[in-house]
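These notes are about the structure you will find just below.
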Amino acid sequence: MENLKEVRTRIASVNSTQQITSAMKMVSAAKFRRAQNAILAMRPYDKKLSEIIRDINVEDGVDTPYHTIREAKKVLMVVVSSNKGLCGAFNSNVIKEANQRIQHYRKQADVELSLITIGKRATEHFAKHTTLVKSSYDEVLDKPAFDDVAEIAEDIMNRFCEKEYDKVEIVYNKFKNSLTQILTTEQFLPVMPDNAKKDENKVQSDYIFEPSKMEILKEMIPLSLRSQFYRVILDSLASEHGARMTAMQKATDNATELLKELKLTYNKARQTAITNEIIEIVSGAEALNG
């Protein structure tokens, strides 16, 4: 039977941990609501903008520098993680997926791979295990403003147009709900036009373009790409806070169960100690009477 003092120490320790995890869960819940509202508000805008661009592509086959498909000799991978831990398998899943993509490209001897990391967890991992990291933008996750994220997207778009990269893809967690994050590898550049055949029963979009489709497209494609990149960051943030909130809830529940077991153990040990003391007193009394 464990020593009473040791059990009391463990109870105090677990109780302190439970208070911390419970507080972290409440903080994550507040951040999660803000992040969830942000991504849910962003998605309709991003979706509609993409639909308009796809309609133009299907109808006219218009082309921009962002549509240029080249042989993927130089590939850029953007890996989006979090700046902090304690969010379950959120970061490890992203890093694992990115490592699999790295192995995929390394099997192709003529492919030159580069990495951009967003999030300290990914930055620290890949800086330690590879020499592929060209730049990191961990600070944008602290206060994700559209202008700051758009600068990163603009730099990547310019490098693609200058043929510094032939293909750009993003690895991140796509938000579904607080319990589910969808691990996603998404092609960012080149933009892939929607060449699918039109459904005859589907109502076709009828837009009036002024001054011209091409001039509008030159503005809309970069705007769409910047919005897409910002949406990825918001998706990842909402997924992160949802994963951390769930992880802290599970940790709090586990601490509660452990406290019950420790208190039961403590009571048993205390009862045993009391019983032993009673036996010693009775035995001593009987010895004196004898």
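Two residues are said to be in side-chain contact when any heavy atoms from C-beta on lie closer than 4.5 Å; Y266 and L262 fail this criterion. Inter-residue side-chain proximity for P190 and Q187 is flagged as met; some heavy-atom pair is nearer than 4.5 Å. Contact check for R106 versus L132: side-chain heavy atoms found under the 4.5 Å cut-off. The shortest distance between side-chain heavy atoms of H125 and N99 falls below 4.5 Å. You'll find the side chain of Y165 stays beyond 4.5 Å of the side chain of M77, heavy atoms only. Using a 4.5 Å heavy-atom cutoff, the side chains of D148 and P144 are not in contact.
Residues V94 and L115 share a hydrophobic cluster, clusters being chains of Ile/Leu/Val/Met/Phe/Trp/Tyr side chains in contact below 4.5 Å. Residues F90 and L183 do not share a hydrophobic cluster, clusters being chains of Ile/Leu/Val/Met/Phe/Trp/Tyr side chains in contact below 4.5 Å. By the criterion of side-chain heavy atoms lying less than 4.5 angstrom apart, applied directly or through intervening Ile, Leu, Val, Met, Phe, Trp or Tyr residues, I156 is not grouped with V111; the two fall into different hydrophobic clusters. Two different hydrophobic clusters hold L258 and I20 under the rule that ILVMFWY side chains link at heavy-atom gaps under 4.5 Å. Follow the hydrophobic side-chain contacts under 4.5 Å out from V75 and you never reach L189; the two are in separate clusters.
Within the model, atoms NZ of K128 and OG1 of T123 stand 14.5 Å from one another, a figure rounded to the nearest 0.5 Å. Rounded to the nearest 0.5 angstrom, E151 CD and Y137 OH are separated by 9.5 Å. Considering NZ of K25 and CD of Q249, their distance stands at 4.0 Å, rounded to 0.5 Å. With rounding to the nearest 0.5 Å, the separation of CG in D110 from CD in E71 is 6.5 Å. To the nearest 0.5 Å, the span separating CE on M24 from CG on L86 amounts to 4.5 Å. Rounded to the nearest 0.5 Å, atoms NZ (K120) and CG (N91) are 12.5 Å apart.
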### Task
Show your working on side chain to side chain contact (heavy atoms under 4.5 Å, CB included) between L49 and Y45 and close with a plain yes or no.
CA-CA 6 Å; L49 192 58; Y45 171 78; 4.2 Å; yes
### Task
Given side chain to side chain contact (heavy atoms under 4.5 Å, CB included), test F126 with I95 step by step and report yes or no.
CA-CA 9 Å; F126 291 109; I95 291 172; 4.2 Å; yes
### Query
Are E240 and R244 close enough, and set up right, to give a salt bridge (charged side-chain N to carboxylate O under 4.0 Å, His left out), and what steps lead you there?
CA-CA 6 Å; E240 175 195 345; R244 182 173 291 109; 3.0 Å; yes
### Query
Can K96 and Q100 be said to form a side chain to side chain contact (heavy atoms under 4.5 Å, CB included), step by step?
CA-CA 6 Å; K96 182 180 179 181; Q100 290 177 351; 3.8 Å; yes
### Task
Show the numbers, then the answer: is there a side chain to side chain contact (heavy atoms under 4.5 Å, CB included) between D253 and E257?
CA-CA 6 Å; D253 294 342; E257 291 299 319; 5.8 Å; no
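A donor-acceptor pair is defined here as one N or O able to donate and one able to accept, closer than 3.5 Å; no such pair exists between the side chain of D46 and the backbone of M42. No donor-acceptor distance shorter than 3.5 angstrom exists from the side chain of S16 to the backbone of A12, with no hydrogens or angles considered. Distance alone, capped at 3.5 Å, places no donor-acceptor pair between the S239 side chain and the I182 backbone. N15 contributes no side-chain N or O that, together with a main-chain N or O of L259, makes up a donor-acceptor pair within less than 3.5 Å. Checked by atom type and distance alone, the side chain of S13 never pairs as donor or acceptor with a backbone atom of T9 at under 3.5 Å. Panel note: side chain R226, backbone V149; no donor-acceptor pair is recorded below 3.5 Å. Side-chain atoms of D235 do not come within 3.5 Å of backbone N or O of I39 as any donor-acceptor pair. S92 places a side-chain N or O within donor-acceptor distance of the main-chain N or O of A89, the cut-off being under 3.5 Å. Side-chain N or O atoms of S236 include none that pairs as donor or acceptor with a backbone N or O of I233 at under 3.5 Å. In this structure a side-chain-to-backbone donor-acceptor pair under 3.5 Å is present from D166 to K73.
Between the side chains of N173 and N93, not a single donor N or O lies within less than 3.5 Å of an accepting N or O. Under the 3.5 Å distance criterion, with hydrogens and angles disregarded, no donor-acceptor pair is assigned to the side chains of Q271 and N267.
Y105 pairs with exactly one of R101, Q108, K107 by the side chain to side chain donor-acceptor pair (under 3.5 Å) rule, that one being R101. With V78 as the fixed residue, the side chain to side chain contact (heavy atoms under 4.5 Å, CB included) test singles out one of Y172, F229, F188: F229.
With respect to the salt-bridge test (charged N to carboxylate O, under 4.0 angstrom), the residues R231 and E186 qualify. Salt bridge absent: R10 and E6 never bring a charged side-chain N and a carboxylate O closer than 4.0 Å.
E139 CD: more than 12 foreign heavy atoms inside a 6.0 Å radius.
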